[in-house]
Amino acid sequence: MDMIQDDELRQLFRIESEEHLQKLEQHLLQLESQGTNQELLAKLQREAHSLKGSARMLGIVDIETVTHAMEDVFKALSNAELILTPEWVDRLEEGLDTLQKMAHEAITGTPARISAQEAIAKLAFEASEEQLIPKTVAAIPDSNTSESAPAITMQATETNKLEESQSDTTQADKTQIDKSQQIDVIRVEPKKLDVLLTRVGELTVTKTHIESWLTQMEGLIASWEEVVRTVKKTQGNEELSEQITRIGNTLYPLRQAAFEDSTALNRITDGLESDIRALRLLPLDRVFQLFPRTVRDLARTLSKQIQLNIQGGDTTADKQLIEMLKDPLMHLLRNAIYHGIETPEERQNLGKPAKGNIQLQAKRTAAHILIQVKDDGRGLDEEAIKQKALEHKLCTQEELSLMSRQRLFSLIFNQGFSTAQMVTDISGRGVGLDVVRSSVEQLKGTISVNSIYQQGCTFQISLPLTLATTRILFIRVAERHYAIPVEFVRMVRYIALNTVFLVQDRETISLDGQAISVAWLDDLLELPKKRLQDEKVEKQPYLLLEMNEERLGIFVDEILEELEVVLKPTGPLLSRVRNVSGITILGSGEICVVLNPLDLMRSAQKHAHSTISRTKLPLQDSIGNKSKPKKVVLLAEDSITTRTQEKRILEGAGYDVITAVDGLAAFNTLATCSVDAIVSDIEMPRMDGLTLASKVRKNKDYEHLPVILISSLAKARDRKRGMDAGANAYIPKSAFNQQTLLDTLRRLV
Amino acid sequence: MAEYYTSTQAEQEEKEQLKQLVGFMLGGELFGVDILMVQEIIRSAEITKVPNAPDFVEGVINLRGNIIPVIDLRRRLNMEAAKQTTPSINKNWILILTIDKRTTGFIVDLVTEVIKIDENDVEPPPDIIVSGLENQYITGVCDTGQHLLILLNFNRILLMEEIRKLKEIDVADK
């Protein structure tokens with residue numbers, strides 16, 4: 001089988017086959033939980049039939065024959081020639097998998113290496129006597145299969161009912177055909193909608209700009225009125241006075257027209273924007289419906305009994321949001337299955353029902369979409385979290401004792417914490433929550449967790465409704481203008497500078513009885529210092545950023561206004577700049593850099609070490625900074641591109657870097673140079689990273705030298721091997737990003 | 001007459017190999033860039049700095065609603081920094097080039113004129129390094145009679161790998 005050659009046909013088939021396959025899967029799962037249900041079987045037949053038809057039209061024989069075989073099974077099931085057993089559900093699922101792979105091949109050209117014959121053979125059935133059990137006899141599934149599989153209830157269908165629904169189906173089929181003659185839906189590529197939305201975003205910005213003309217016009221009229229008064233007083237030139245009055249005759253209607261048009265434009269733009277947004281809205285079911293199958297399969301492999309309840313799948317959200325939500329949600333569910341829900345025996349010993357429950361719930365509020373993943377499993381163990389946090393120096397004992405439960409739980413989203421889970425899994429949560437958090441943050445959302453030990457765990461994700469435009473606060477600092485997205489700005493306040501105090505060398509303010517660290521925006525952005533320090537300033541404005549229980553006050557020179565902007569593409573050269581999340585052009589044509597609140601908070605943490613009360617000792621700060629010796633990192637990596645990239649990242653963060661082309665070279669370097677940490681790849685010629693790590697560990701001199709392994713192997717087993725070899729941290733390349741590496745390094749060195 | 005005829009024919013042939021370049025000065029050297037790559041030349045645009053950006057990125061400008069990064073070509077090529085004695089630093093010229101479908105601005109000292117050269121006169125880059133400029137960015141040189149004209153390889157100047165490698169070389173030299 002080959003790829004469909006015609007571009008247009010291939011696109012069409014992609015859309016169509018996806019739809020059919022998704023429906024097939026959905027109905028099949030329903031069939032599994034509800035047992036033989038004529039209505040469902042009819043739907044399944046219909047889906048298989050349509051898919052078969054389009055496959056035949058495009059000459060994809062394999063898909064055609066396999067769907068045909070599946071269709072036959074559905075037919076036999078609905079005619080009661082075949083009895084629905086868990087085994088048949090599995091076979092059908094398998095068939096569906098095969099179809100998915102074949103469709104993928106037809107669309108992308110990647111060979112699926114699947115034999116249609118084999119798939120058909122698995123779907124073949126014979127109307128043997130055993131299966132031809134009369135309907136009156138209640139079918140009892142084999143006790144062996146029922147134990148391993150989630151219970152499938154068998155419904156003995158009455159003959160009348162069966163006939164009734166069959167006739168219904170044929171009728172439904174007829175109307176379906178009639179309807180298909182007329183085109184009532186036009187398929188539009190999502191990309192085209194994206195373009196539309198960007199255009200509307202720009203329109204909104206222009207609209208705001210036009211609105212500002214009104215104020216200018218008011219000013220013009222005011223000065224005109226002034227002129228009229230002056231001219232009247234002087235009583236001189238009659239002709240001039242008349243001319244001026246004539247101007248007035250045009251000015252007033254102009255203002256009126258401008259006002260009306262601006263209002264109309266406002267209404268139209270807003271309408272247009274919400275209409276286009278609505279076009280991009282899809283029900284969350286689009287992702288949710290992928291989960292029942294995963295949960296079922298995973299639960300089965302782990303011999304756990306799990307019920308997944310989905311609520312609010314009809315909640316709509318922006319297409320982009322939905323696409324990007326799939327992975328984090330899948331991760332949370334997998335964590336809940338692997339680490340949250342206990343085995344049936346454990347659960348029964350604890351007095352819980354054997355069947356665990358996972359709830360996936362979505363709802364929409366005025367400004368947010370809330371998604372909850374809730375399980376009734378082990379929950380989080382506060383003590384274990386505290387212990388881990390201490391072990392990995394995330395916080396001190398003192399800090400821990402002051403921490404609220406909520407704050408304590410939020411530690412598990414920490415990068416350091418996740419890697420800490422490599423060896424054991426005491427707290428009942430797996431690795432990679434930091435990845436979940438960063439995906440959610442990418443969507444400008446937040447995630448929080450709550451839990452009661454032994455009773456369960458709830459993750460709540462809160463997301464904004466749209467990603468197309470960004471609401472920003474327009475501010476001024478060091479004579480420059482910047483924008484900060486409002487999502488993370490909790491409040492804006494003024495404070496007298498003489499009330500700022502120091503806590504462990506960090507500038508701190510007190511807000512409602514809580515101590516909050518503060519930083520100066522120009523410091524974080526490393527701007528030239530133009531600010532004059534005046535401790536008597538009564539009203540220094542600051543923004544309070546808040547994210548996941550972390551708070552930071554940022555001093556700025558002036559807060560100007562709140563605006564809605566569209567981020568402009570900046571090209572690869574500036575695609576990832578620290579502290580910057582994008583660039584926009586304001587209504588005035590002025591370019592404005594939009595800052596990244598997350599980066600700012602991280603920068604503030606880094607700065608904390610260097611800014612020692614700058615208000616009092618402005619000079620010592622920079623001197624102290626320079627004289628501090630740089631930490632030395634030994635970097636072992638055989639690929640030149642990766643090596644260069646990593647070296648650059650490390651140097652950018654202020655480390656001195658010694659490079660080695662493989663493990664052996666790195667090990668030899670150790671003898672001649674004193675280093676503070678090793679960052680190493682795993683697969684390298686001559687000596688790999690694992691050997692390097694274990695050799696380092698065996699040598700008394702380097703016993704405590706931190707070793708970070710970076711590898712494309714991401715399985716738990718590989719992590720374990722890394723840990724066994726003596727590595728302090730293991731970063732899979734898939735999850736690799738600058739921040740992960742730097743955070744890990746900072747924690748260890 | 002016949003002689004005249006052949007000479008015009010030769011001229012015609014020669015013309016076909018003529019290349020038009022936009023000439024510009026940078027650190028006292030004359031450079032040239034293919035006129036087809038030049039979208040426009042602007043003066044004294046308002047450059048907005050981007051905090052924490054790579055040091056050779058001078059900032060961004062608003063070019064009719066598009067955001068265009070502006071590169072300090074001197075710094076990118078590791079040439080000595082412009083003498084700070086000239087206060088008219090804002091009066092620099094910005095060459096707006098389209099490279100690989102991407103529009104980027106380059107700050108140069110002075111845009112001189114359109115120069116026509118014969119492609120046959122272009123020689124491979126010399127081994128000597130002009131003004132501390134690594135010759136990896138030079139496509140060739142051409143003697144115009146008055147000056148030695150340097151043809152730059154802008155594609156390479158913008159390649160991200162090149163930018164990374166540059167850092168690597170910097171460190172290796174130390």
Side-chain angles (χ1 to χ4, degrees), chain A residues 202 205-206 477-483 521-528 566-596 599-600 603 635 640-652 656-659, chain B residues 39 42 44-73 75-76 84 89 94 96-107 154-174:
Chain A
E202 309 224 326
V205 172
T206 317
V477 74
E479 289 163 23
R480 294 178 195 186
H481 290 147
Y482 292 103
L521 185 57
D522 45 359
D523 283 345
L524 298 182
L525 297 179
E526 291 153 31
L527 298 175
V566 177
L567 294 189
K568 289 269 188 178
T570 52
L573 206 56
L574 297 171
S575 59
R576 183 68 186 99
V577 176
R578 185 163 57 87
N579 291 336
V580 174
S581 72
I583 297 177
T584 186
I585 297 179
L586 302 175
S588 60
E590 186 190 344
I591 288 184
C592 182
V593 174
V594 181
L595 303 174
N596 180 337
D599 276 9
L600 287 177
S603 297
L635 175 65
I640 174 152
T641 31
T642 317
R643 191 166 65 235
T644 317
Q645 196 181 351
E646 289 174 359
K647 180 178 174 151
R648 192 165 161 239
I649 292 171
L650 291 170
E651 280 173 351
D656 265 339
V657 182
I658 304 171
T659 53
Chain B
Q39 189 186 319
I42 53 175
S44 53
E46 196 182 322
I47 301 178
T48 307
K49 294 247 178 210
V50 179
N52 309 108
D55 65 344
F56 58 84
V57 177
E58 186 65 25
V60 287
I61 55 168
N62 174 3
L63 193 67
R64 290 182 295 278
N66 291 315
I67 290 174
I68 310 293
V70 176
I71 288 177
D72 183 341
L73 196 53
R75 221 176 287 165
R76 174 67 186 88
Q84 291 299 320
I89 192 122
I94 302 174
I96 308 287
L97 306 183
T98 308
I99 301 158
D100 260 351
K101 292 176 193 157
R102 274 169 22 212
T103 309
T104 311
F106 292 88
I107 298 179
F154 277 94
N155 285 319
R156 196 141 182 204
I157 286 172
L158 266 198
L159 267 185
M160 284 318 278
E161 288 87 85
E162 283 292 323
I163 289 167
R164 288 200 190 104
K165 231 181 256 170
L166 184 82
K167 292 241 169 186
E168 177 106 316
I169 290 161
D170 267 2
V171 180
D173 285 349
K174 280 172 200 166

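Just so we're clear, the structure is a prediction, and the values are computed from it rather than from any experiment. Sequence lines set the chain letters: A, B, ... in the order given, protein chains first and strands last, and positions in each chain run from 1.
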Sort B/I68 into side chain, backbone, both or neither according to what part of it lies under 4.5 angstrom from a heavy atom of chain A.
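Interface part for B/I68: neither.
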Enter the distance from B/T48:OG1 to A/R480:CZ here, rounded to the nearest 0.5 Å.
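CZ of A/R480 is found 9.5 Å from OG1 of B/T48.
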Flag the one option from B/T103, B/V50, B/T104 with the top tally of heavy-atom pairs under 4.5 Å to chain A.
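Highest number of pairs under 4.5 Å: B/V50.
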Taking every non-hydrogen pair under 4.5 Å, which of B/N62, B/V57, B/I61 racks up the most with chain A?
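Option with the greatest count: B/N62.
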Quick one: list whatever passes salt bridge (charged side-chain N to carboxylate O under 4.0 Å, His left out) with B/D72, sequence neighbours left out.
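B/D72 satisfies salt bridge (charged side-chain N to carboxylate O under 4.0 Å, His left out) with B/R75 once adjacent residues are dropped.
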Among A/L527, A/L525, A/N596, whose side chain to side chain contact (heavy atoms under 4.5 Å, CB included) with B/N52 holds?
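Only one option passes, and that is A/L525.
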Determine the sole option in A/V593, A/L524, A/N579 for which the side chain to side chain contact (heavy atoms under 4.5 Å, CB included) test with B/P51 is passed.
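Of the listed options, the one satisfying the test is A/V593.
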